[in-house]
Amino acid sequence: MTPTEESEKHVDELALETRDLGKRYRRTWGLRGCDLRLPAGRVAALVGPNGAGKSTLMALAAGLIPATEGRIEVLGRVPDGTGCPRGVSFLGQDKPLYKGFTVAETLRMGRGLNPDWDGEYATRLIEEGAIPLTAKVGTLSGGQRTRVAIALALGRRPRLLLLDEPLADLDPLARDEVMKTLMASVADTGTTVLLSSHILADLEDTCDHLVLVAGGRVALSGDVEDLLAAHHVLIGAGDPPLEGVVESRTTGRQSTVLVRAPGAVAPPGWRRETPTLEELVLSHLRVQAAQRSAA
Amino acid sequence: MIEFRVDRRSGVSTYMQLVHQVKDALRLGLLMPGDRLPTAREVVEATAINPNTVLKAYRELEREGLVEPRPGLGTFVRKSLVHDATAEGPLRAELGAWMARAKAAGLEREDVAALFKAVTDDTY
């Protein structure tokens, strides 16, 4: 490899890359033809309808299940299927913690299980949440339990943190707390985060990268800023524009058209607006759903 | 020190909101040269936004020559935007007197804001 190639590779360093990745469960495919490139240092939202393949993608990246076909590289390595690769932390939906353990015992377990354990950091995250170390995990609130689980995941000092629906079952206050903990850890360590959720509003301010899966495939992915800049909402009456139309809806005389064309210009009499991330995602999801039911 | 507020419904991107809030604080004299801006970690602990957004806002302010990073220490204010007329001074006193008359005349807060905006738009 020449020096230039090496430096280019560094600029474009990927935390997660998949090519034509597929996973079959008996007769149905949980994920198929999945192509994804997640650059290092991003906080990425993994969104999509239930059953779209979000959890399957997470489990493949965490090395918990083997791929049926295609290729996956995590932090530049192919997971060997023997569990979470070094440098990767995975927190599943069920947040596995022993209810009978105290918080301190849970942290001691983290030390025992992880060669790279940073106990000081994990303890600090617990203390910042004002959770007593002597409390039994079973007596904690949902938000506090999530915080302990996150401290356990971050104590491994991961370069890639995979979080499957970490905010589900949390009240708004606990959600806010958990997001603050996560963002503080991103500020501390620059770790790459891939975080799945179906509540997009939770992610608008925190995620700078979007991965949209639908029907087992990646339907849209990229830096949020680039995606928003490449899309426009055109509102007007009469014949809609033709180029780059993602979705067109008509109510009475008014048409609302989402186009994907960076320099799109509104036709005479039309108004051009910037879509929100939520509008953009919902449009793409509706189109994907319509295509699947037509197929 | 400045405390940021993020309005998720404003339609203005988060990083621009941070830039505007620093500039407002510089105009009003709440931030003066030599003051330190909160670190990215301090901001995200308070607002739960992405730290990269904070860094992007600080880079923009640096590009405009308003702040400067000092490695290992933080980001510091370089330049004040206080117009003597903005914070203290006769113009503020005149506006205060005008607003008192508007209130006495029965104008609501929204009426005053709308009028102020209309006149600003006419003038600038």
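Side chains included, hydrogens not; waters and symmetry mates left out as well; all remaining heavy atoms used. Since we're looking at a predicted model, the values are computed, not measured. Throughout, protein chains are lettered first and strands after them, A, B, ... in sequence-line order, and every chain is numbered starting at 1.
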Heavy-atom neighbours of L173(A) CG exceed 12 at 6.0 Å: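 For L173(A), atom CG is not crowded (no more than 12 foreign heavy atoms under 6.0 Å).
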
Which atom of V44(B) lies closest to which atom of A187(A), heavy atoms considered: CG2-CB, 4.4 Å

To see if you've got the definition right, give the donor-acceptor pairs under 3.5 angstrom between chain B and chain A.
| residue | atom | partner | partner atom | Å |
| --- | --- | --- | --- | --- |
| R8(B) | NE | D205(A) | OD2 | 2.7 |
| T14(B) | OG1 | D205(A) | OD1 | 2.8 |
| R41(B) | NE | D188(A) | OD1 | 2.6 |
| R41(B) | NE | D188(A) | OD2 | 3.0 |
| R41(B) | NH1 | E128(A) | OE2 | 3.4 |
| R41(B) | NH2 | D188(A) | OD2 | 3.0 |
| N50(B) | N | D205(A) | O | 3.3 |
| N50(B) | ND2 | T206(A) | O | 2.7 |
| N50(B) | ND2 | D208(A) | OD2 | 3.0 |
| N52(B) | ND2 | D208(A) | OD2 | 3.0 |
| K56(B) | NZ | E225(A) | OE1 | 2.5 |
| K56(B) | NZ | E225(A) | OE2 | 3.2 |

So, using salt bridge (Lys or Arg N to Asp or Glu O under 4.0 Å) as the criterion, who are the partners of D121(B) when residues are at least two apart? K117(B)

